[in-house]
Amino acid sequence: MKIYNTITREKEEFVPLNSPHVLYYNCGPTVYDYFHIGNARNFVVADTIRRYLEYRGFKVRFIQNLTDIDDKIIKKAKEEGITAKEVAEKYTAVYFEQTGKLGIRTADMHPKATENIPQMHALIKTLIEKGHAYVVDGDVYFSVRSFPSYGSLSGKNIEDLQEGARVDVDERKKDPLDFALWKAAKPGEPAWESPWGPGRPGWHIECSAMSIAHLGESIDIHSGATDLIFPHHENERAQSEAATGKPFVKYWLHNGFLNINNQKMSKSLGNFFTINQVLERYDPLSVKFFLLSAHYRHPLDYTEENMATAQSASRRILNALETVDKLIKINAVQENSTGLSAPEFAREKWVNFRRVFEDAMDDDFNTAKALSVLHDIVSEIHETRKAVSNAPQDAALLDALKLYRNLLLELLGILGLDPTLASGKVDFNDKIIGELMQILIDIRKLARAKKDFIIADEIRNRLNNISITLEDHPQGTIWKHKK
RNA sequence: GGCGACGUAGCCAAGUGGUAAGGCGGAGGUCUGCAAAACCUCUAUGCAGCGGUUCAAAUCCGCUCGUCGCCUCCA
């Protein structure tokens with residue numbers, strides 16, 4: 001399996017520090033607002049990578065932090081006249097509610113910055129003792145000059161950065177690039193006691209402290225979006241390695257942006273759609289199809305057309321699944337059939353689909369290509385379906401259908417594309433509804449047999465009005481709920 | 001100004017040396033009482049442009065043009 005590593009700028013063979021264990025940290029949200037679809041891309045990508053690593057047999061310990069204290073939270077609290085803590089609690093709940101809708105699994109742990117203050121103090125203390133940090137008026141700064149390889153993650157050097165010259169001019173800092181590990185409290189701001197006076201943590205120190213505390217001094221994967229490479233991850237790396245003397249992260253992964261009109265979606269530009277706005281228009285499955293339709297490192301444009309495309313594409317796969325399910329039922333295939341009696345050619349194709357899928361995902365998580373395999377399976381399902389029509393008695397062909405259906409479901413699951421994410425509110429697997437539908441279908445069948453198409457069409461039209469579609473197949477009539 | 005990424009059909013998007021995956025959309029056809037769904041066929045002699053290397057280039061090299069990103073909080 002190959003993974004693109006930001007720090008080496010090339011795809012590398014993935015070899016965990018202590019295989020099969022994988023320690024994985026994803027930079028989580030700052031909980032001050034609804035997250036936008038661009039944030040969602042990061043969460044979905046990390047979740048997908050986690051799932052695939054597990055599928056590949058790795059024992060993944062996956063941690064994603066919650067930044068529950070920072071400038072934006074304090075600002076929001078002032079605007080709304082509530083405490084910073086209340087803001088954080090509100091949007092933490094929103095985070096779990098919305099990611100739940102998207103079928104994003106919760107991490108093994110979601111550490112909060114405010115619950116890891118002692119760990120940050122310890123880290124800062126070590127940095128001061130080792131001469132990598134210094135105290136000024138209750139602030140503590142990290143000295144970038146004290147860490148020789150500063151800049152190697154982002155491919156920058158200190159001199160170039162200073163020529164860029166847009167860094168805050170603060171006379172108290174030894175170097176303009178030095179960044180705050182601990183910020184002295186200003187009046188009215190939330191504050192925690194510390195050896196340097198009351199204050200709150202700098203942004204970068206949180207992730208270092210929580211990663212070290214909950215995963216260890218050296219981990220396998222640390223991920224985030226590309227705008228975190230500098231300064232966030234650069235600073236994390238510097239302070240962590242300066243403190244522990246050990247490599248902080250083996251593989252740095254960064255996902256590309258979600259764009260609007262070819263421009264980065266961002267809160268500051270105001271060109272963003274929050275996740276709840278998007279979910280009002282599109283079902284979670286379509287949203288995930290869209291987010292996985294391009295390689296994770298490439299930019300992806302959020303447009304109505306692209307969303308509609310993703311929706312149609314996901315429908316194609318759902319339709320095939322539903323059709324094959326109903327056909328299997330009509331033909332009374334053994335529920336516990338293993339697919340082993342499927343014809344040789346079908347089993348060969350099955351193996352091949354899986355191989356191509358794995359090759360795609362093994363190549364730096366190429367979900368766009370992996371999705372094309374799902375479509376290929378759908379095509380194969382339809383072809384097999386046709387063969388079943390021509391030879392309804394051939395149980396082996398039905399078994400092949402089942403084989404493909406199961407594979408499709410499994411691969412969808414690995415990508416986090418559970419078909420139930422697309423469903424509406426009504427539980428259409430409800431037994432009574434199924435029986436009622438069967439009654440209607442049987443009555444319509446009688447009408448059609450008598451060529452009474454007025455009644456037959458009335459039934460179909462009325463059902464269509466409540467979003468239920470009837471399809472007459474050679475093997476019988478099936479019904480579907482359309483969204 | 002420094003560093004980096006990208007430019008493949010109407011749209012989206014794989015493909016990093018061997019002769020252009022897949023999806024969406026569109027056109028025609030098959031099936032059907034009619035539909036729906038599905039299937040079949042067609043939809044890039046071409047990969048921003050110009051040079052170069054090679055038996056062979058979307059893929060490697062150089063230049064040009066264009067777009068975007070990071071350098072400041074940002075997923």
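Quick caveat, the model's predicted, so the values are computed rather than measured.
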Rounded to the nearest Å, what distance is computed from the CG atom of residue Asn255(A) to the C1' atom of nucleotide rC74(B)?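 Distance check: Asn255(A) CG to rC74(B) C1' gives 13 Å.
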Whole-Å distance separating the CG atom of Leu102(A) from the P atom of rA75(B):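 Answer to the nearest Å: 17 Å.
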Would you say a side-chain N or O of [X] is under 4.0 Å from OP1 or OP2 of [N]?
X	N	result
His298(A)	rA14(B)	yes
Lys451(A)	rC34(B)	no
Trp203(A)	rC74(B)	yes

Determine whether the aromatic ring of Phe453(A) stacks with the base of rG33(B), defined as ring centroids separated by less than 5.5 Å and ring planes inclined by less than 30°.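 Ring-base stacking flag set for Phe453(A) and rG33(B).
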Comparing Asp70(A) and Pro299(A) on RNA chain B - which has the more 5′ nearest nucleotide: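 Going by which nucleotide is closer to the 5' end, it is Pro299(A).
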For Met265(A) and Thr226(A), take the nucleotide of RNA chain B holding the closest heavy atom to each; which residue's nucleotide lies nearer the 5' end?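 Closest to the 5' end, via its nearest nucleotide, is Thr226(A).
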Side chain of Ala225(A) only, heavy atoms from C-beta on: which candidate in rA38(B), rA75(B), rG15(B) is closest?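 Side chain of Ala225(A) sits closest to rA75(B).
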Nearest-nucleotide pick for Asp227(A), side chain only, options being rC73(B), rA75(B), rC12(B):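 Comparing rC73(B), rA75(B), rC12(B) against the side chain of Asp227(A), the answer is rA75(B).
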Return yes if a side-chain donor-acceptor contact under 3.5 Å exists between Ser208(A) and Arg237(A), otherwise no.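 There is no such pair between these side chains.
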[M] and [N], which share atom name [atom1], separated by this distance in whole Å:
N	M	atom1	result
rU30(B)	rA36(B)	C1'	15 Å
rC74(B)	rG15(B)	P	31 Å
rG2(B)	rG10(B)	C1'	39 Å
rU59(B)	rA14(B)	C1'	13 Å
rU53(B)	rC42(B)	C1'	38 Å
rG66(B)	rU19(B)	P	35 Å

Ring pair (Phe, Tyr, Trp, His ring centres under 6.0 Å) partners of [X], counting only residues at least two apart:
X	answer
Phe357(A)	none
His473(A)	none
Phe273(A)	Tyr302(A)
Trp350(A)	none

[X]: which residues meet the salt bridge (charged side-chain N to carboxylate O under 4.0 Å, His left out) condition with it, sequence neighbours left out?
X	answer
Lys11(A)	Asp363(A)
Glu10(A)	none
Arg51(A)	Asp47(A)

Record whether the side chain of [X] comes under 3.5 Å of the base of [N] through a donor-acceptor pair of N or O atoms.
X	N	result
Asn157(A)	rG2(B)	no
Arg460(A)	rA35(B)	yes
Arg297(A)	rC6(B)	no
Asn261(A)	rC68(B)	no
Lys264(A)	rC68(B)	no

Checking Lys156(A) now: which residues fulfil side-chain contact (heavy atoms from CB on, under 4.5 Å) with it, not counting sequence neighbours?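 Partners of Lys156(A) by the side-chain contact (heavy atoms from CB on, under 4.5 Å) criterion, ordered by chain and then number, come out as Ser154(A), Leu161(A), Phe230(A).
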Check whether Glu236(A) reaches the backbone of Cys207(A) with its side chain - one donor and one acceptor, N or O, closer than 3.5 Å.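 Judged by distance alone, no pair lies under 3.5 Å.
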Would you say Asp364(A)'s side chain and Tyr4(A)'s backbone share a donor-acceptor pair under 3.5 angstrom?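 Such a contact is found between Asp364(A) side chain and Tyr4(A) backbone.
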Could you identify which residues of residues 24-47 of chain A place a heavy atom less than 4.0 Å from some atom of RNA chain B, listed by residue number, or say none?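 Heavy-atom contacts with RNA chain B come from His36(A), Gly38(A), Asn39(A).
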Using a 4.0 Å heavy-atom cut-off across all strands, classify [X] as base, sugar-phosphate, or nothing.
X	value
Phe257(A)	base
Asn259(A)	nothing
Leu228(A)	sugar-phosphate

Return the CZ to NE2 distance between Phe365(A) and His295(A), rounded to the nearest 0.5 Å.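 If we round to the nearest 0.5 Å, Phe365(A):CZ and His295(A):NE2 are 9.0 Å apart.
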Output one line per pair: protein atom, nucleotide atom from nucleotides 20-30 of chain B, and distance, for all N/O pairs under 3.5 Å.
| unit_1 | atom_1 | unit_2 | atom_2 | d |
| --- | --- | --- | --- | --- |
| rC24(B) | O2' | Thr309(A) | OG1 | 3.3 |

Do any side-chain atoms of residues 93-104 of chain A form donor-acceptor pairs under 3.5 angstrom with protein atoms, and if so which ones, sequence neighbours left out?
| unit_1 | atom_1 | unit_2 | atom_2 | d |
| --- | --- | --- | --- | --- |
| Tyr95(A) | OH | Gln64(A) | NE2 | 2.6 |
| Thr99(A) | OG1 | Tyr95(A) | O | 2.7 |
| Thr99(A) | OG1 | Phe96(A) | O | 3.4 |

Would you write out the dot-bracket form of RNA chain B, 5' to 3', with Watson-Crick and G-U pairs under 3.5 Å, [ ] for crossing pairs, | for pairs to other strands and . for unpaired bases? ((((((((.[[[..)..(...]]]((((((.......))))))....[[[[[..)....]]]]])))))))....
